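Here is the structure we will look at.
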Amino acid sequence: MEHLNEQGHSAAPLSEPKKDRVVAALSAEGSALRKYQTFFIGAPGLGRLLTYELAMHFAAGVRGALGYALRKVLFSKIFGQVGAGCNFGRNLALRCPMHMTLGARVMIDDNCSLDARGTAGTAPFEIGDDTLIARDCVLLVKQGYLKIGRNCSIGSHTMLGAASGIEIGDHAIIAGQCYFGGGRYKTKLGAGPMVTQGLYSRGPVVLGEDVWVGAGVRVLDGVRVGNGAILGAGSVVTRDVPDNAIVGGCPATVLGMRT
């Protein structure tokens, strides 16, 4: 049965729950070292392994100016592409960083988690120039892609969980404790536990340019937010938002327009 979103668009099934893909990766044939490289680094190769291990063991948790300098040098070598002037906080958790592209002067603060395993190395995981990822954020691609534009600010404790894709335009302001994306479990009675029935997504989350997202906002899969929109604090956004609209509530409705 085809799933449709609120706008009547077809909803894309996900190949398998992320937990199943993780278990499959760890249970696959091959040495423990190869499984480790697939799970954490994204590809085999002694050089990639050694560079990743050096960065994570000798730089990731080091405090002060020494740690700052070590991460600036070593972390730039474990990502797929890194622009000039990037800065990295302490205790970052990085999964498959070789599949990630960072623009110039990107700042990733302490305790963030970036996971590109779901891109399978074929879809983008990109953060644009001059963008700040505040502390304790989680950027996770379960399946699909993640693209964050230029000059964006992603507030602390925000979760971007791409089940089919997340795209954020330039100059976006996203306050703390927000949640974007996610997939949906199938819930048919008699088909077994919901956790085993599989997931589907209503499509990517797309934010236009110059969008302001208040604290604690939830933007569900399949939603498109127009350029210049404002999403009020605590909103649960379940359907598309027009350009320059101000929305709020649960579910979010249009409260007015910017003037």
Side-chain angles (χ1 to χ4, degrees), residues 18 55-56 59-65 67-68 70-72 75 78-79 82-83 85-97 100-118 125-142 145-163 165-182 205-221 223 225 229-237 241 247-248 250 252:
K18 179 174 180 287
M56 301 310 292
V62 179
R63 296 178 179 272
Y68 175 82
L70 285 171
R71 288 188 293 275
K72 202 168 182 65
F75 274 35
I78 64 175
F79 288 89
V82 177
C86 289
N87 294 297
F88 306 96
R90 291 193 307 118
N91 299 324
L92 302 186
L94 302 173
R95 303 291 182 264
C96 299
M100 302 176 192
T101 298
L102 308 184
R105 299 171 300 279
V106 169
M107 172 63 190
I108 303 173
D109 208 344
D110 297 347
N111 304 318
C112 289
S113 175
L114 281 64
D115 188 338
R117 282 175 293 176
F125 187 115
E126 300 175 358
I127 302 175
D129 297 348
D130 301 299
T131 286
L132 166 66
I133 310 297
R135 63 177 56 222
D136 298 298
C137 286
V138 176
L139 278 57
L140 167 64
V141 178
K142 300 176 183 178
Y145 66 94
L146 174 65
K147 297 177 69 176
I148 301 174
R150 297 179 295 108
N151 193 33
C152 295
S153 178
I154 312 296
S156 61
H157 297 276
T158 286
M159 165 78 172
L160 305 180
I166 293 177
E167 185 170 351
I168 297 172
D170 297 341
H171 313 296
I173 305 168
I174 299 173
Q177 300 182 345
C178 292
Y179 179 91
F180 288 13
V205 172
V206 179
L207 264 67
E209 297 185 358
D210 189 28
V211 172
W212 176 17
V213 180
V217 169
R218 274 67 177 134
V219 182
L220 302 189
D221 52 319
V223 169
V225 177
I230 297 175
L231 312 183
S235 301
V236 179
V237 185
V241 176
V247 305
C250 178

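Treat the numbers as computed from the prediction; the structure is a model and nothing was measured. We use all heavy atoms of the structure for the numbers below, so side chains are in, but hydrogens, waters and symmetry mates are not. Numbering starts at 1 and runs along the sequence shown.
Partners of Asn151 according to the side chain to side chain donor-acceptor pair (under 3.5 Å) rule, which considers only residues two or more places apart in sequence or in another chain, are His171. Every residue two or more places apart in sequence or in another chain that forms a side-chain contact (heavy atoms from CB on, under 4.5 Å) with Ala175 is listed here: Ala215. For Leu132, the side-chain contact (heavy atoms from CB on, under 4.5 Å) criterion is met by Met107, Ser153, not counting sequence neighbours. Applying the side-chain contact (heavy atoms from CB on, under 4.5 Å) rule to Ala93 yields the partners Arg95, Ser113; only residues at least two apart in sequence or on another chain are considered. Taking Ala172 as the reference, Cys152, Ile168 meet the side-chain contact (heavy atoms from CB on, under 4.5 Å) condition, with sequence neighbours excluded. Scored by the salt bridge (charged side-chain N to carboxylate O under 4.0 Å, His left out) test, Arg150 finds Asp170 as partners (sequence neighbours excluded). Every residue two or more places apart in sequence or in another chain was checked for a ring pair (Phe, Tyr, Trp, His ring centres under 6.0 Å) with Phe125, and none qualifies. With sequence neighbours left out, Asp110 forms a side chain to side chain donor-acceptor pair (under 3.5 Å) with Arg135. The ring pair (Phe, Tyr, Trp, His ring centres under 6.0 Å) check on Phe180 picks up nothing, with sequence neighbours excluded. Considering only residues two or more places apart in sequence or on other chains, Asp130 meets the salt bridge (charged side-chain N to carboxylate O under 4.0 Å, His left out) condition with Arg105. Listed by chain and residue number, nothing satisfies the side chain to side chain donor-acceptor pair (under 3.5 Å) test with Asp210 (two or more places apart in sequence, or in another chain).
Distance CG/Asp109 to CG/Leu92: 8.5 Å, rounded to 0.5 Å. Atoms CD1 and CG, on Ile174 and Leu207 in that order, are 6.0 Å from each other to the nearest 0.5 Å. In this structure, CD1 in Ile108 is found 8.0 Å from CE in Met100, a value given to the nearest 0.5 Å. To the nearest 0.5 Å, the span separating CD1 on Ile154 from CG on Leu139 amounts to 7.0 Å. Considering OH of Tyr68 and CG of Asn87, their distance stands at 3.5 Å, rounded to 0.5 Å.
The shortest non-hydrogen separation linking Gly155 to Ala134 is C-CB, 3.8 Å. Annotation for Leu70 and Ala59: closest pair CB-CB, 3.8 Å, computed over non-hydrogen atoms. Residues Ala116 and Cys96 approach most closely at CB-O, 3.7 Å, considering heavy atoms. The two residues Cys178 and Gly216 have their closest heavy-atom pair at SG-N, 3.8 Å.
When each of Val205, Leu220, Val217 is checked for a side-chain contact (heavy atoms from CB on, under 4.5 Å) with Val237, only Val217 meets the rule.
For the pair Leu94 and Ile78, the minimum side-chain heavy-atom distance is below 4.5 Å. Contact of the Leu140 side chain with the Leu160 side chain is not registered, since no non-hydrogen atoms from C-beta on lie closer than 4.5 Å. The shortest side-chain heavy-atom distance between Phe75 and Val82 does not fall under the 4.5 Å cut-off.
For Glu126, the CD atom is densely surrounded, since the number of other residues' heavy atoms within 6.0 Å is greater than 12.
Residues in residues 211-220 take part in no salt bridge (charged side-chain N to carboxylate O under 4.0 Å, His left out) pair, two or more places apart or across chains.
Counting only distance, with no hydrogens or angles, the side chain of Lys147 and the backbone of Ile127 share no donor-acceptor pair below 3.5 Å. With hydrogens and angles ignored, the 3.5 Å screen pairs a side-chain donor or acceptor of Arg71 with a backbone N or O of Gly89.
Using a 30° and 60° split on the angle between ring planes, Phe88 and Phe79 fall in the parallel class, below 30°.
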